[in-house]
Trainee: 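I'd like to ask you about the structure that follows.
Numbers restart at 1 for each chain; the letters A, B, ... are given by sequence-line order, proteins then strands.
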There are 2 protein chains.
Amino acid sequence: MAARMTRQRTAVVEALDELADFRSAQQLHETLRARGESVGLATVYRALQALADASEVDVLRAEDGESLYRRCARREHHHHLVCRHCGSTVEIDGPTVEAWASKVAAAQGFDDIEHTIELWGTCADCRAASVS
Amino acid sequence: MAARMTRQRTAVVEALDELADFRSAQQLHETLRARGESVGLATVYRALQALADASEVDVLRAEDGESLYRRCARREHHHHLVCRHCGSTVEIDGPTVEAWASKVAAAQGFDDIEHTIELWGTCADCRAASVS
DNA sequence: ACGCTTGTTGAGAACGGTTGTCAAAGATCG
DNA sequence: CGATCTTTGACAACCGTTCTCAACAAGCGT
């Protein structure tokens, strides 16, 4: 239960710190491998899972169902505007939306309310790239 | 390309019409099978996909990644408050949220904006059931 | 009603992301 | 250093979903 700090976990955390965009476990694994820091794929999954459990990273699902991970600047609850092509991300918070969500749900007699509010789009860079 | 009306497709549509909750393709397949209307699993997937493309059904992803389908009353854009245990659903629209989402995204220079806004909770019935 | 054409079906294989297995490796503590 | 006990990694297993392809059946024209 002691959460040991191993070379592999350090490598995953460092990689996440250097990347600003949402990345899949497999992309991360590839990045580490290319960098010479060889880490097993299963280990990357486990590390990300642990970090997510500890709220150290944010997780969201791409449209195809793949899980994407990112180390966000703020640890408080917030949402994202993500480029569906490159993963480029802008953190967003919407106090209005939060209030709306919990009010609506409570009014219907629901408990343990959670909400998913994510925005997807094509960022300016990817748009420029696809035009050329 | 003509979209033929087959026994199988009719069965899927009818089953969806009778069910008020979000269901997975496999649940639907099981329901049809139990009902005597034997339909292949792949066919259920294809039918649901076609219906989704035609905006005849709404699709959303459960927390475990599974796709859930539902024939909604209104065809216009809306959101859902869904019980994560039984799939029981309340349709919701939030004009305020819509405006907020597109404004925020546009302000960041993003195009082709889509948003995912879903509420998950435990409905009153399921809460009562889990207490007992 | 009868073929013909062409989209559709279904059983099973294939796929892709993720998780489980388990012996070997290594982090931590005394 | 040694004992302990978590972590690792290669690989298999899983599970939802999609693909394959020969058999089948809608719908159309006659």
Trainee: Does R9(A) or L68(B) map to a spot on DNA chain D nearer the 5' end, using the closest nucleotide for each?
Mentor: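 Whichever sits nearer the 5' end wins; that is R9(A).
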Trainee: Let's see if you get this right: which residues in residues 28-40 of chain A place a heavy atom under 4.0 Å from DNA chain D?
Mentor: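 When residues 28-40 of chain A is checked for heavy atoms under 4.0 Å from DNA chain D, the hits, listed by number, are S38(A), V39(A), G40(A).
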Trainee: Are any of the side-chain nitrogens in R71(A) or E14(A) under 4.0 Å away from the carboxylate oxygens of its partner?
Mentor: no
Trainee: Mapping R61(B) and T43(A) onto DNA chain D by nearest heavy atom, which one lands closer to the 5' end?
Mentor: T43(A)
Trainee: Does atom CZ (R84(B)) have a neighbourhood of more than 12 heavy atoms from anything else shown, all under 6.0 Å?
Mentor: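 For R84(B), atom CZ is crowded (more than 12 foreign heavy atoms under 6.0 Å).
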Trainee: Answer yes when D111(B) and R127(A) have at least one side-chain N-carboxylate O distance shorter than 4.0 Å, and no when they do not.
Mentor: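 Judged by the 4.0 Å cut-off on N to carboxylate O distance, D111(B) and R127(A) do form a salt bridge.
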Trainee: Would you please indicate if the ring centroids of H79(B) and H115(B) are separated by under 6.0 Å?
Mentor: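 Yes, the ring of H79(B) comes within the 6.0 Å limit of the ring of H115(B), centre to centre.
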Trainee: How does each nucleotide of nucleotides 19-30 of chain D score, in 5' to 3' order, for protein heavy atoms under 4.0 Å: base (B), sugar-phosphate only (S), or none (-)?
Mentor: BB----BBS---
Trainee: With a 3.5 Å cut-off and no angle check, do the side chains of D58(B) and H78(B) form a donor-acceptor pair?
Mentor: yes
Trainee: L28(A) and L19(A): side chain to side chain contact (heavy atoms under 4.5 Å, CB included), yes or no, with the steps?
Mentor: CA-CA 10 Å; L28(A) 231 29; L19(A) 297 169; 3.6 Å; yes
Trainee: Grab the CZ-C1' distance between R23(B) and dG16(D) for me, whole Å please.
Mentor: 18 Å
Trainee: If the plane angle is over 60° it's perpendicular, under 30° parallel, otherwise tilted; pick one for F22(A) and H80(A).
Mentor: perpendicular
Trainee: May I ask you to decide if G65(A)'s main-chain N or O and R61(A)'s side chain share a donor-acceptor pair within less than 3.5 Å?
Mentor: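 Indeed, once roles are kept as given, a pair shorter than 3.5 Å links the two residues.
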Trainee: Can you tell me how far the CG atom of D17(B) sits from the OG1 atom of T10(B), to the nearest 0.5 Å?
Mentor: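 It comes to 11.0 Å.
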Trainee: In plain terms, say whether R74(B) and E91(B) are close enough for a salt bridge, that is, a side-chain N and a carboxylate O under 4.0 Å apart.
Mentor: yes
Trainee: Quick test: give all pairs of protein nitrogen or oxygen and nucleotides 15-17 of chain C nitrogen or oxygen below 3.5 Å, distance rounded to 0.1 Å.
Mentor:
| residue | atom | partner | partner atom | Å |
| --- | --- | --- | --- | --- |
| dG17(C) | OP2 | Q26(A) | NE2 | 3.3 |
| dG17(C) | O5' | Q26(A) | NE2 | 3.2 |

